[in-house]
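Atom set for the values below is all heavy atoms of this structure, side chains included, hydrogens, waters and symmetry mates excluded. Note that the coordinates shown come from a computational prediction; the quantities given were computed from them, not determined experimentally.
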2 protein chains.
Amino acid sequence: MEASEIYKCIADPQRLRILNLLEAGPLCVCHMQEILEVPQVKMSKQLSSMKQLGLLKAHREGTWMIYKLVDPVEGLITANLCYLREAACAECNQLQRDLTKREKLILKVTKIENDCPQEVCQQITCC
Amino acid sequence: MEASEIYKCIADPQRLRILNLLEAGPLCVCHMQEILEVPQVKMSKQLSSMKQLGLLKAHREGTWMIYKLVDPVEGLITANLCYLREAACAECNQLQRDLTKREKLILKVTKIENDCPQEVCQQITCC
DNA sequence: ATGATATATACTAATAATAGTATATACTGT
DNA sequence: ACAGTATATACTATTATTAGTATATATCAT
C-alpha cells in the first residue's frame, strides 16, 4: 500500500479515530458509532472505504458487523497512532478519550446489559 | 498544528517529496523544480500552501527564493520521513532517489556552475 | 410472514482540491 | 529605462471528497 493512500485515510480525524479504536481490539459498527457520536451512514461509508483500501476486515455476528484491523497492521498506521497518543494536539487528546470511552462501553454492554458481540466482549475478563 | 492538517499535506506525494528534500537542508524553488520535475506553477503553489500552513518559511536571495523547514521541525513530519526512508513502497524509494538527486544538483550548481544560493551551497565543503 | 434491529448502498447536492493558462511582481545586469 | 530570470498570483476549468436523504439488505425474534 502506498504511503499517500494511508495519509489520505488518516487525514480525516474521524477515520483516524476509528483506526485508533480498532487498534485496541475489534468493535461492532453500532458501538463505534456510539463512541464517536457520528451518524450511521457516515460510519458505514468510512468503514467500507477503509475496508476497500485494505486496512480493515469485517465479519458478521448475528445482526452485528464486527470490524478489525487486518493482520499484520500496516506499520505506518501503528507508528502514527503510537506517536499521536503521546502528542499534544486537540485530535491527539481525543484519541485518548475515545479509548477510555471504549473501555467503559465494552464493560457496559458486556457486564451490565449482557449483550455484547462475542469477539468484542472477549476482551474483558468476564467471558 | 493539528495532525490532520499535516496528514493532508503529506498525503500528496509531491508535497511529501518537498518536505523530504528540505529536511536535508534549504533549497531554492528552481532547484526543487528541477529535482522533482514539476511545472513552476505547481511548485510555487504547493510551497506557498505549506508556508501558509506553517511548515515552511522562505527568504529571498537575489532572484532566488530559498525555502526551508521551520525550526523546530514539526515532530510528526520528522517521524514520518524517518519511517518512510526505511520503508518499502514506490513513494518511499522515490524519497531516497530525490535525496541522491539533490546531492548531485547541489554539487553541480556549486562547484561546476559556480552559481548557487549561498545558503544552499554552504551545505557542501567547498564554500 | 411480520416487525425490529443493524448495516450497507444508491443517488444527489454541496464543497474542496487540483491543474492550467495567463499575467504580475521582484530583482539583476546592461 | 529595458530585457532577462525567478517566483507568485488571479482566474477558470476539472476532478475528487464529503454529506444527506432515502432505500435496500441481512438477521433475528415472534
Review point. For DNA chain D, whose closest nucleotide is more 5', that of A/Val41 or that of B/Trp64?
Key: B/Trp64
Between [N] ([atom2]) and [X] ([atom1]): distance, integer Å:
X	N	atom1	atom2	answer
B/Glu113	D/dT5	CD	P	14 Å
B/Asp12	C/dA17	CG	P	12 Å
B/Glu37	C/dA19	CD	P	16 Å
B/His59	D/dT7	NE2	P	12 Å
A/Gln46	C/dT9	CD	C1'	15 Å
A/Met43	C/dT9	CE	C1'	16 Å
A/Glu34	C/dA6	CD	P	10 Å
B/Asp115	C/dT28	CG	P	13 Å

Review point. On DNA chain C, nearest-nucleotide positions of B/Arg60 versus A/Ser44: which is more 5'?
Key: A/Ser44
Can you check whether [X] has a side-chain N or O nearer than 4.0 Å to OP1 or OP2 of [N]?
X	N	result
A/Thr63	C/dT5	no
A/Lys8	D/dT17	yes
B/Tyr67	D/dA6	no
B/Arg15	C/dT18	yes

Point to revise | Path from A/Leu47 to A/Met1 over hydrophobic side-chain contacts below 4.5 Å | key: yes
Practice item. Is it possible for you to say whether B/Leu81 and B/Leu27 belong to one hydrophobic cluster, with membership spreading through side-chain heavy-atom contacts below 4.5 Å? Key: yes
Review point. Is a side-chain N or O of A/Glu91 found less than 3.5 angstrom from the main chain of A/Pro13, in a donor-acceptor match?
Key: no
Exercise for review: Would you indicate which nucleotide in D/dT7, C/dC27, C/dT9 comes nearest to any side-chain atom of B/Met65?
Suggested key: D/dT7
Review point. Between C/dA19, C/dA8, C/dC11, which nucleotide has the shortest distance from any of its atoms to the side chain of B/Lys42?
Key: C/dA19
Review point. Taking the six-membered ring for Trp, are B/Tyr7 and A/Tyr7 parallel (under 30°), tilted (30 to 60°) or perpendicular (over 60°)?
Key: parallel
Check your understanding: Any donor-acceptor pair under 3.5 Å joining the side chain of B/Gln40 to the base of D/dA8?
Key -> yes
Check your understanding: Can a donor-acceptor pair under 3.5 Å be found between the side-chain atoms of B/Lys45 and the base atoms of D/dA8?
Key -> no
Point to revise | Side chain to side chain, B/Cys9 and B/Met50, heavy atoms closer than 4.5 Å | key: yes
